[in-house]
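Just follow the structure's listing: the first ligand is 1, and inside any ligand the first atom is 1. Residue numbers run from 1 in the order of the sequence given.
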Amino acid sequence: MANNEDAFKKVVSHAKEYGFIFPSSEIYDGLGAVYDYGQLGTELKNNIKNYWWKSMVQYHENIVGIDSAIFMHPKIWKASGHVDAFNDPLIDNKDSKKRYRADVLIEDHIAKIEDKIKKEVEKAHKRFGDAFDRDQFVHTNARVLEHQAKIDEITKRYSQCMNDNDLVGLRQLILDLEIVCPISGTRNWTEVRQFNLMFATQMGSVSEGSDTIYLRPETAQGIFVNFLNVQKSGRMKIPFGIAQIGKAFRNEIVARQFIFRMREFEQMEMQFFVRPGEELKWFEYWKAERLKWHLALGIPADKYRYHDHEKLAHYANAATDIEFEFPFGFKELEGIHSRTDFDLSRHSEFSGKKLQYFDSELGENYTPYVIETSIGVDRTFLAVFSHALKDETLEDGSTRTLLSLPPVLAPYKAAILPLVKKDGLPEKAREIFDQLKHDFMLQYDEKDAIGRRYRRQDAIGTPFCITVDNDTLETNTVTVRERDTMQQERVAIDELDVYLHKRIKPIAIN
Ligand code: GAP
């Protein structure tokens with residue numbers, strides 16, 4: 001791809017063209033930061049959720065899954081801190097009347113300096129070729145060091161302001177960095193104000209006596225308030241986990257970057273309850289385990305990195321993000337947090353119900369500590385999809401668009417293609433389709449020349465094309481073409497089931 005911006009545009013247009021993702025309410029000109037998943041997107045999304053659910057719930061005998069309601073008692077959000085502290089700092093430009101997140105303006109400014117470093121590195125790499133030592137260069141080159149010093153200074157001031165909730169300081173930083181509004185080009189900024197991200201609605205009649213309730217901004221609280229229900233009904237013994245996949249809603253002000261930051265999105269969260277004092281051991285365990293889950297998809301390790309939080313939320317005693325290199329740079333994909341006993345204690349306090357566990361081995365009652373793993377379904381979608389999409393030039397000089405999705409996530413596992421539309425081949429192909437359809441999502445296609453059909457399957461990420469030709473009728477074998485290598489091999493029809501199962505499975509995960 002020509003550059004990252006082009007690559008990202010291609011991701012968005014490819015997702016729409018092939019039925020993965022459409023803008024919501026498109027015929028009414030769309031709705032900001034809300035998207036619909038199309039016929040192929042829904043399959044890919046379901047496969048992501050299944051892959052997570054299996055590895056978290058099915059493969060761990062001490063983790064169970066729930067599905068709590070989106071609407072919850074309003075006091076829950078008071079207890080969790082969301083009513084008082086789930087805010088974004090906003091700033092308006094008085095000339096363009098546009099509203100921005102103050103923190104994002106500063107982060108974008110930092111990203112621009114990071115880009116300058118990247119360009120210096122690329123230039124030097126070209127100059128020195130294979131002899132180039134990246135590490136040495138970034139630690140010694142004067143221009144890079146100057147840029148890095150600037151970044152460090154801004155980050156220090158910025159973190160301080162965010163931690164101290166210093167809105168005046170944030171505004172001053174924006175002024176000092178001479179950040180301008182991208183629309184008006186001016187520095188005519190308002191004060192910075194806090195804006196709560198929760199969507200509120202009314203339950204019951206809108207008149208007197210009705211209650212303001214919120215669309216949940218995370219699924220986690222549905223797990224905490226069900227801690228005792230699950231522990232007692234499932235006779236769960238600590239350590240154990242409760243997992244959940246579901247919708248979450250946030251009134252994001254900076255809504256851009258496609259499905260990276262949405263107002264309605266889906267989370268896959270797991271709260272792991274442990275003995276007080278053992279939480280950091282389990283934090284390290286889940287930190288490693290979650291990265292393994294990502295790597296088992298076969299995406300190269302250098303696309304991921306940990307970002308350990310230096311400044312922690314008041315309730316956490318350790319936190320890290322797993323970041324992914326999206327087309328617009330490394331950004332958070334998943335969060336792993338050691339949340340102490342904050343949530344259970346607060347819900348005990350606000351509900352008046354004791355949320356404790358009797359540990360029969362220790363012979364004592366305590367409020368369990370919690371390690372949380374929290375990942376966005378949509379961000380995972382964007383990560384695998386953007387990494388998979390490539391334009392390839394083949395040996396004969398022709399090009400193809402390839403979506404090399406991990407087979408376990410691909411919408412269709414195989415396409416069944418009769419070589420020609422006659423001689424009994426379509427009938428045989430339909431027979432194979434019926435034999436395999438109970439285990440695999442398949443597509444049947446008999447239109448156009450075989451080469452064009454292969455290209456269509458390449459573009460939607462189908463890992464295998466099964467071609468039925470004249471030999472099939474005599475030998476009961478088919479040609480299986482593998483998407484990425486385009487290599488073909490002959491496989492007996494009777495063995496297709498086992499053949500596909502073996503190749504679709506991700507690299508072993510625990
Ligand atoms: N319970 C913890 C929690 O919600 P978070 O870091 O705010 O933590 C967890 O969110 C994950 O949810 C993120 O790592 C991201 O993948 C996803 N996520 C958060 N906000 C999102 C948004 N507006 N659009 C899409 N995904 C989002």
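- Listed by atom number, the atoms of ligand 1 under 4.0 Å from Glu269 heavy atoms are 1 (N), 2 (C), 3 (C), 4 (O).
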Stepwise side-chain hydrogen bond (donor to acceptor under 3.5 Å, both in side chains) check, Glu43 with Asn47: CA-CA 6 Å; Glu43 293 297 333; Asn47 292 340; 5.2 Å; no

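- The protein atom (non-hydrogen) at minimum distance from atom 15 (C) of ligand 1 is Arg379 NH1, 3.5 Å.
- In summary, the side chains of Tyr158 and Glu107 do present a donor paired with an acceptor at a separation below 3.5 Å, with no hydrogens or angles considered.
- Shortest non-hydrogen contact noted between Ile371 and Glu279 is CD1-O, 3.2 Å.
- Tested against Asp92 for a salt bridge (charged side-chain N to carboxylate O under 4.0 Å, His left out), the candidates Arg101, Arg171, Arg193, Lys98 yield a single pass: Arg193.
- Counting heavy atoms only, Glu332 comes closest to atom 6 (O) of ligand 1 of the residues Arg263, Glu332, Gln257.
- For residues 212-232, no residue pair satisfies the salt bridge (charged side-chain N to carboxylate O under 4.0 Å, His left out) rule, not counting sequence neighbours.
- Here Arg503 pairs with nothing under the salt bridge (Lys or Arg N to Asp or Glu O under 4.0 Å) rule; sequence neighbours left out.
- Among all protein heavy atoms, the one lying closest to atom 18 (N) of ligand 1 is Phe265 CE1, 3.5 Å.
- Scanning the protein heavy atoms around atom 10 (O) of ligand 1, the nearest turns out to be Gln267 NE2, 3.4 Å.
- In the candidate list Ala33, Ala383, Ser374, Ser374 is nearest to atom 9 (C) of ligand 1, counting heavy atoms.
- Looking at Tyr100 and Asn93, their side chains never bring a donor and an acceptor atom within 3.5 Å of each other.
- Heavy-atom separations between Asp378 and ligand 1 are all 4.0 Å or longer.
- Taking any N or O of Gly376, backbone or side chain, at least one lies under 3.5 Å from an N or O belonging to ligand 1.
- Scanning all protein heavy atoms for the shortest distance to atom 25 (C) of ligand 1 gives Phe260 O, 3.2 Å.
- Of the candidates Glu372, Arg216, Arg250, Arg250 brings a heavy atom nearest to atom 4 (O) of ligand 1.
- Looking at Leu333 against ligand 1, only its backbone comes within 4.0 Å, counting heavy atoms.
- Salt bridge status for Asp321 with Arg305: absent, with no side-chain N to carboxylate O gap under 4.0 Å.
- Considering only non-hydrogen protein atoms, atom 24 (N) of ligand 1 sits nearest to Met262 N, 2.8 Å.
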